[in-house]
Amino acid sequence: MVGTNDLSNRINKKYKTMSKGQKLLAAYITDNYDKAVFLTAAKLGTVVGVSESTVVRFAVNLGYKGYPQFQKALEELVRHKLNSIQRMEVTYGRISQSKILETVLQSDAENLKGTLEQIDQNAFELAVDTILNAENIYVIGIRSCASLASFLAFYLNLMFDRVHLLHTSSSSELFEQMVRIGSDDVIIGISFPRYSMRTLKAIEFANNRNAKIITLTDSVHSPMNLYSSCNLIAKSDMASIVDSLAAPLSVINALIVALSMKKQTEVVKTLEMLEQIWDEYQVYDNDEMDHLDDAMKIRYARIGDES
């Protein structure tokens with residue numbers, strides 16, 4: 001994946017040697033990257049006043065294989081530079097109301113496919129082994145990533161004794177919860193754009209204490225990977241107010257399944273113990289509804305018809 005500032009750097013380095021038409025393209029893209037990202041090569045050429053072939057040569061001159069690769073680099077630039085309001089305006093300006101469901105689900109599907117194609121299997125196996133061998137497991141995710149962290153920690157608790165889900169609204173509280181982290185422990189940091197400084201500080205603190213570090217983020221260029229030797233990459237591209245977390249959640253699901261396969265005995269014992277506790281204390285008797293069987297459905301349907 002292309003780095004956040006890679007496209008800008010390429011344009012700056014090549015600008016002096018560009019033709020007049022290419023300089024017009026460079027100027028337009030620099031000033032209007034949020035609009036250029038949605039244009040085909042032909043359309044971009046029309047807007048700037050150059051030929052389609054000039055646009056393609058411009059992309060190749062910057063070191064890309066063609067316009068599609070250049071456009072992906074532009075998408076990466078846009079995704080990191082636009083604020084939430086701008087991203088929402090760009091997205092909702094190009095999606096009709098009737099196509100929102102289809103567009104969002106299709107985007108999630110593409111993110112899942114891209115993640116499957118690019119994720120490092122060796123890093124995944126290393127993450128599983130690191131977690132299995134850790135004395136304490138710390139999990140952190142801030143803002144929208146908090147739900148991912150909570151989901152992961154819930155299932156890790158079924159397999160391991162010492163799982164710490166870090167809850168914090170300030171860096172000082174964060175360090176207080178991590179004060180005993182050491183070389184026998186692991187921290188799993190989850191962060192996607194816009195990246196969380198608190199998550200990064202937690203990872204830095206863990207690194208200074210020689211703890212093992214696993215990151216789940218969107219790019220090898222993510223700042224979350226500065227202190228990590230085990231990086232799980234999941235695509236979250238969606239230029240809107242909501243970043244797609246479908247692929248990160250799938251990677252977490254895979255981690256949970258892989259760990260539970262290694263810890264089958266412990267998981268079975270925990271679940272048996274929980275079932276006994278739930279039954280003894282009637283945890284679910286008044287809180288969980290069973291599915292209606294077909295006979296009950298027919299009965300309720302008849303009552304509805306009679307009324």
Side-chain angles (χ1 to χ4, degrees), residues 115 118-169 171 173-236 243 245-263 266-267:
T115 298
Q118 296 178 18
I119 196 166
D120 186 343
Q121 183 67 35
N122 292 329
F124 180 83
E125 297 296 339
L126 177 60
V128 171
D129 290 340
T130 302
I131 294 169
L132 283 171
N133 295 315
E135 184 73 20
N136 290 277
I137 303 168
Y138 295 82
V139 184
I140 181 170
I142 303 296
R143 296 195 300 273
S144 62
C145 293
S147 57
L148 294 175
S150 178
F151 183 87
L152 175 59
F154 174 83
Y155 284 99
L156 288 177
N157 266 310
L158 297 179
M159 295 178 265
F160 302 94
D161 293 330
R162 298 177 180 177
V163 178
H164 311 273
L165 176 59
L166 301 177
H167 298 281
T168 177
S169 58
S171 295
E173 291 179 12
L174 198 58
F175 298 142
E176 288 165 9
Q177 294 173 68
M178 299 172 59
V179 68
R180 292 182 179 84
I181 194 169
S183 58
D184 294 328
D185 305 325
V186 63
I187 183 169
I188 305 169
I190 307 171
S191 189
F192 290 82
R194 304 166 120 186
Y195 303 111
S196 166
M197 182 58 71
R198 275 178 286 156
T199 301
L200 182 59
K201 286 183 177 180
I203 291 173
E204 182 182 6
F205 180 79
N207 178 71
N208 291 338
R209 296 299 184 90
N210 298 315
K212 312 296 187 302
I213 299 167
I214 298 169
T215 56
L216 176 58
T217 188
D218 70 316
S219 167
V220 292
H221 303 285
S222 166
M224 295 301 120
N225 298 333
L226 288 172
Y227 305 101
S228 172
S229 59
C230 184
N231 310 319
L232 302 177
I233 307 300
K235 291 177 69 64
S236 67
D243 281 312
L245 296 178
L249 182 58
S250 283
V251 173
I252 287 173
N253 281 338
L255 264 181
I256 292 167
V257 171
L259 289 165
S260 64
M261 293 294 288
K262 299 272 190 179
K263 302 272 289 183
E266 291 86 344
V267 172

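A quick note: this is a predicted structure, and the numbers were derived from the prediction, not measured. Computation of the quantities below employed the complete heavy-atom set of this structure, encompassing side-chain atoms and omitting hydrogens, waters and symmetry-equivalent molecules.
In this structure, the side chains of I137 and R162 stay at 4.5 Å or more apart for every pair of heavy atoms. In this structure the side chain of F160 reaches within 4.5 angstrom of the side chain of I131, judged on heavy atoms. Side-chain contact between T199 and I190 is absent, with no heavy-atom pair separated by less than 4.5 Å. Between L200 and Y195, the closest side-chain pair of non-hydrogen atoms is not below 4.5 Å. The closest side-chain heavy-atom distance from N207 to I213 is below 4.5 Å. At a threshold of 4.5 Å between non-hydrogen side-chain atoms, the residues L148 and L249 count as touching. By the 4.5 Å heavy-atom criterion applied to side chains, Y155 and L255 are not counted as neighbours. Looking at heavy atoms from C-beta onward, V220 lies out of side-chain contact with N231 at the 4.5 angstrom threshold.
Closest approach of C145 and S191 over heavy atoms only: SG-CA, 3.9 Å. F192 approaches L216 most closely through the heavy-atom pair CE1-O, 3.6 Å. Shown here for L174 and A202, the closest heavy-atom pair between the two residues is CD2-CB, 3.5 Å. M178 and I187 make their closest contact through CE-CD1, 3.8 Å (heavy atoms, listed as atom of the first residue, atom of the second, distance). Minimum interatomic distance between F124 and V251 (heavy atoms only, all atoms of both residues): CE1-O, 4.3 Å. Of all heavy-atom pairs spanning L132 and L259, the tightest one is CG-CD2, 3.8 Å.
With hydrogens and angles ignored, the 3.5 Å screen pairs a side-chain donor or acceptor of T130 with a backbone N or O of L126. Between the N136 side chain and the I181 main chain, no donor and acceptor come within less than 3.5 Å of each other. Panel note: side chain K212, backbone S183; a donor-acceptor pair is recorded below 3.5 Å.
By the ring pair (Phe, Tyr, Trp, His ring centres under 6.0 Å) test, Y227 pairs with no residue at all, sequence neighbours left out. Annotation: salt bridge (Lys or Arg N to Asp or Glu O under 4.0 Å) contacts of E204 (sequence neighbours excluded): none. Evaluation of the salt bridge (Lys or Arg N to Asp or Glu O under 4.0 Å) rule for E266 yields K263 as partners, not counting sequence neighbours.
To the nearest 0.5 Å, the span separating CG on L166 from CD on E173 amounts to 11.5 Å. Distance check: L156 CG to D161 CG gives 12.0 Å after rounding to the nearest 0.5 Å. Between atom NE2 of residue H167 and atom CD1 of residue I142 there is a gap of 10.0 Å, rounded to the nearest 0.5 Å. The distance from the OG atom of S250 to the NZ atom of K235 is 14.0 Å, given to the nearest 0.5 Å.
Of the listed residues (N253, L165, I188), just one forms a side chain to side chain contact (heavy atoms under 4.5 Å, CB included) with L152, and that residue is I188. Screening T215, I214, T115 against L232 for a side chain to side chain contact (heavy atoms under 4.5 Å, CB included) leaves a single residue, I214.
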Open item on the list: For Q121 and E125: C-alpha separation, side-chain torsions, deciding distance, then whether side chain to side chain donor-acceptor pair (under 3.5 Å) applies.
Closed with: CA-CA 6 Å; Q121 183 67 35; E125 297 296 339; 2.8 Å; yes
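Residue-environment remark: CG (N208) exceeds the threshold of 12 foreign heavy atoms within 6.0 Å.
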